[in-house]
Amino acid sequence: MAELKARRRLWSGATTAALLLGLAHAFVDTASGFLIFRDVGSYHFDHQVVVRLVVLYNLVAFAGQVPVGLVADRWRVYRATAMAGLLGAAAALLLGPSFSLAAILAIGLGNAMFHVGAGALVLDTSGDRATESGVFVGPGAAGLATGIWLGGGQASCRPVIVLLLLLAVPLVLAAARLGARTRGDLPPLGRPQMAGGWLLAGLLCALCLAGSVLVRAAVGGAVSGAWRGVSVAVPLLLAGAACAGKMLGGFVSDRLGWIATSVAALVLSAPLVSWLVGNAAAAVVGMLLFQMTMPVTLKATHHLMPERPGLAFGIPCLALVLGALPGLLGHGAWLRSPALVVGLVAGSALLVVAGLRLLARLGGSTGRGAGASPGGARPPVASSLAAAVVAVALLVAPSQARADAVGPPPESCPAGARGETCHGGSYCAPASCSDGSPCQDGAQCRAAELCVDKIDCRSGWTPPDAGPQYAATVAGSCAGGAACAKGSCQSVKVCVSSAGAVGRTLVEQGCGCRVGPPELPSRAAWLALLAGAAVLAVGRRRRLGRVGH
């Protein structure tokens with residue numbers, strides 16, 4: 001009874017420590033969004049170069065958390081790792097204007113180190129509760145949106161962000177001390193069986209939890225991408241909803257149960273993030289509900305490996321970037337089918353259920369209502385395996401073919417520009433040589449007065465962190481004080497041929513193509529879903545029958 005009261009307590013010292021680290025988290029993500037949109041935008045580099053740099057950043061910042069977590073767990077240096085991450089992010093901002101590649105690597109590594117160090121402190125001091133995980137992770141979404149807004153608006157606030165990162169160092173120190181003092185106030189974690197034949201079940205549990213995170217990254221990015229470039233206010237509201245959903249999810253799940261909260265939130269969010277995603281209010285509420293599962297999957301991964309909180313934090317982040325990688329590379333248009341989104345959300349719910357039930361079977365802590373049988377008996381592993389199989393079948397069942405296509409580049413462009421294409425159509429990109437790139441075909445690098453505008457190149461997805469959404473396009477020359485019909489007149493260092501202008505800009509719209517509009521998931525997916533439901537129902541009847549006897 002005492003453990004239940006401790007778990008259901010609304011606030012504790014560990015929660016305060018998580019909030020302090022959450023503020024530092026917001027500062028780090030603000031720095032990331034600002035640097036990418038301010039220093040690595042398409043006004044500085046060609047669109048394809050920007051894409052490569054952003055992919056590099058996300059791989060370092062998210063996939064890099066796994067090796068950083070292994071090192072931090074080996075030496076138990078979580079506090080030092082978090083502080084080094086803050087200093088690395090500050091150094092990246094100072095490098096940004098002049099050394100873009102070094103800045104990308106520095107901000108990515110700093111992001112990875114901070115998340116692992118601070119995240120491990122939160123996981124290690126929060127007992128068996130998910131509340132603190134949500135309180136820590138939630139502010140990052142708000143910080144990222146703030147950084148994108150400031151960087152995209154070309155705001156001159158770099159010194160302020162650097163100062164905030166430096167001020168966050170004592171926040172980490174205070175949070176680490178407070179968390180250590182209050183560690184004993186919450187129930188300790190159970191130790192799951194991971195030896196012998198149980199190892200396979202443990203690996204399957206980890207795959208289920210990571211798979212749910214991967215789906216959340218894909219669907220959440222599609223919801224944000226549906227509004228990016230359409231409205232300024234709605235993406236900010238979506239970021240706020242993501243922050244609130246993550247924070248609220250921990251509180252609710254610790255009181256109503258991890259499975260009950262996760263399944264209810266995902267089921268309620270499904271129509272809002274699919275068929276109703278074009279309605280601003282529905283999209284915001286759907287994003288809030290959809291993100292409520294985050295604290296559960298994060299903390300459950302830690303319960304599976306309680307001695308390795310750094311690695312436990314890194315594995316979901318690796319799944320996060322894998323889920324967003326297709327969108328980063330411009331292959332996300334296939335996720336625009338509402339029925340497919342609903343199927344993915346259903347698969348995510350089944351993966352959460354399967355992962356938590358397997359964790360309970362292994363003997364790990366799973367929160368209130370995670371599937372433990374009356375009298376302390378463990379739930380049968382068969383039904384957990386069935387849920388996992390059904391989820392995988394739902395996600396991989398074949399459906400109708402889709403393609404993601406764009407039009408050809410323009411045939412001619414103004415002097416100092418070259419033809420490019422993206423999901424927003426074809427355009428004339430500045431042939432930039434400001435980064436020292438050599439000019440081809442006898443062209444010379446020199447400053448030119450050009451009318452520079454931007455084109456929306458989003459493909460419906462957004463990466464787990466800041467990413468390129470717009471590409472610079474040249475509408476013509478403004479030399480000699482000529483007025484620009486589109487965009488603004490800017491002095492840009494570009495490769496210019498001695499032949500001068502070669503023609504006007506030709507624009508052709510790109511397209512996203514599908515072979516037949518898939519209104520429903522494939523027949524195999526529905527059969528798998530119904531079969532799994534029948535297996536789960538039979539298993540539940542048998543358990544109730546045993547209890548009755």
Side-chain angles (χ1 to χ4, degrees), residues 20-41 44-45 49-50 52-69 71-72 75 77-121 139-140 143-144 146-152 154-176 310 313-314 317 321 434-436 463-468:
L20 294 177
L21 292 172
L23 291 175
H25 183 191
F27 299 156
V28 171
D29 281 6
T30 298
S32 299
F34 178 83
L35 185 145
I36 290 176
F37 275 75
R38 183 68 173 84
D39 298 334
V40 193
H44 300 280
F45 302 100
V49 175
V50 176
R52 295 189 189 99
L53 289 174
V54 172
V55 169
L56 175 63
Y57 160 75
N58 279 283
L59 290 175
V60 174
F62 290 88
Q65 292 186 38
V66 171
V68 171
V71 173
W75 301 102
V77 286
Y78 306 126
R79 183 175 59 182
T81 302
M83 292 189 294
L86 290 169
L87 297 177
L93 284 179
L94 298 178
L95 290 170
S98 303
F99 305 97
S100 298
L101 178 59
I104 282 291
L105 293 174
I107 196 72
L109 182 59
N111 194 299
M113 294 179 70
F114 172 80
H115 280 77
V116 166
L121 289 174
L144 178 62
T146 301
I148 292 174
W149 178 64
L150 293 173
Q154 304 294 297
S156 300
C157 55
R158 191 185 309 270
V160 176
I161 300 175
V162 172
L163 179 61
L164 290 175
L165 291 170
L166 297 178
L167 292 176
V169 173
L171 285 182
V172 172
L173 291 172
F313 197 94
C317 290
V321 74
S434 59
D435 59 346
D465 230 326

>> One pair to check against side chain to side chain contact (heavy atoms under 4.5 Å, CB included): Phe27 and Leu86. What are the steps and the verdict?
In response: CA-CA 9 Å; Phe27 299 156; Leu86 290 169; 5.6 Å; no

> Which atom names give the shortest non-hydrogen contact between Pro67 and Ala63, and what distance separates them?
Replying inline: CD-O, 3.4 Å

Donor-acceptor pairs under 3.5 angstrom involving side-chain atoms of residues 160-170: please list them, not counting sequence neighbours.
none

> Closest heavy-atom contact between Cys157 and Phe34?
Replying inline: SG-CE1, 3.7 Å

> Got a second to check how far Phe99's CZ is from Leu105's CG, nearest 0.5 Å?
Replying inline: 13.5 Å

> If you measure from CG on Leu101 to CG on Leu95, what distance do you get to the nearest 0.5 Å?
Replying inline: 10.5 Å

>> Quick check for you: to the nearest 0.5 Å, what is the distance between Ile104 atom CD1 and Leu35 atom CG?
In response: 5.5 Å

>> Using a 3.5 Å distance criterion without hydrogens, assess whether the side chain of Asn111 forms a donor-acceptor pair with backbone atoms of Ile107.
In response: no

> Rounded to the nearest 0.5 Å, what separation is found between the CG atom of Leu21 and the CZ atom of Arg79?
Replying inline: 12.0 Å

>> According to salt bridge (Lys or Arg N to Asp or Glu O under 4.0 Å), who are the partners of Arg158, at least two apart in sequence or on a separate chain?
In response: Asp39

>> Please report the interatomic distance CG(Leu171) to CE(Met83), rounded to the nearest 0.5 Å.
In response: 12.0 Å

>> For the CZ atom of Phe313 and the OH atom of Tyr78, what is their distance to the nearest 0.5 Å?
In response: 13.0 Å

> What heavy-atom pair brings Phe62 and Cys317 nearest, and what distance separates the two atoms?
Replying inline: CB-O, 3.6 Å

> What heavy-atom pair brings Leu20 and Ala174 nearest, and what distance separates the two atoms?
Replying inline: CD1-CB, 4.4 Å

>> On a heavy-atom basis, which atom in Val116 and which in Gln65 lie closest, and how many Å separate them?
In response: CG2-O, 3.4 Å

> Do you know which two heavy atoms are closest between Ala112 and Gly64, and how far apart they sit?
Replying inline: CB-C, 4.2 Å

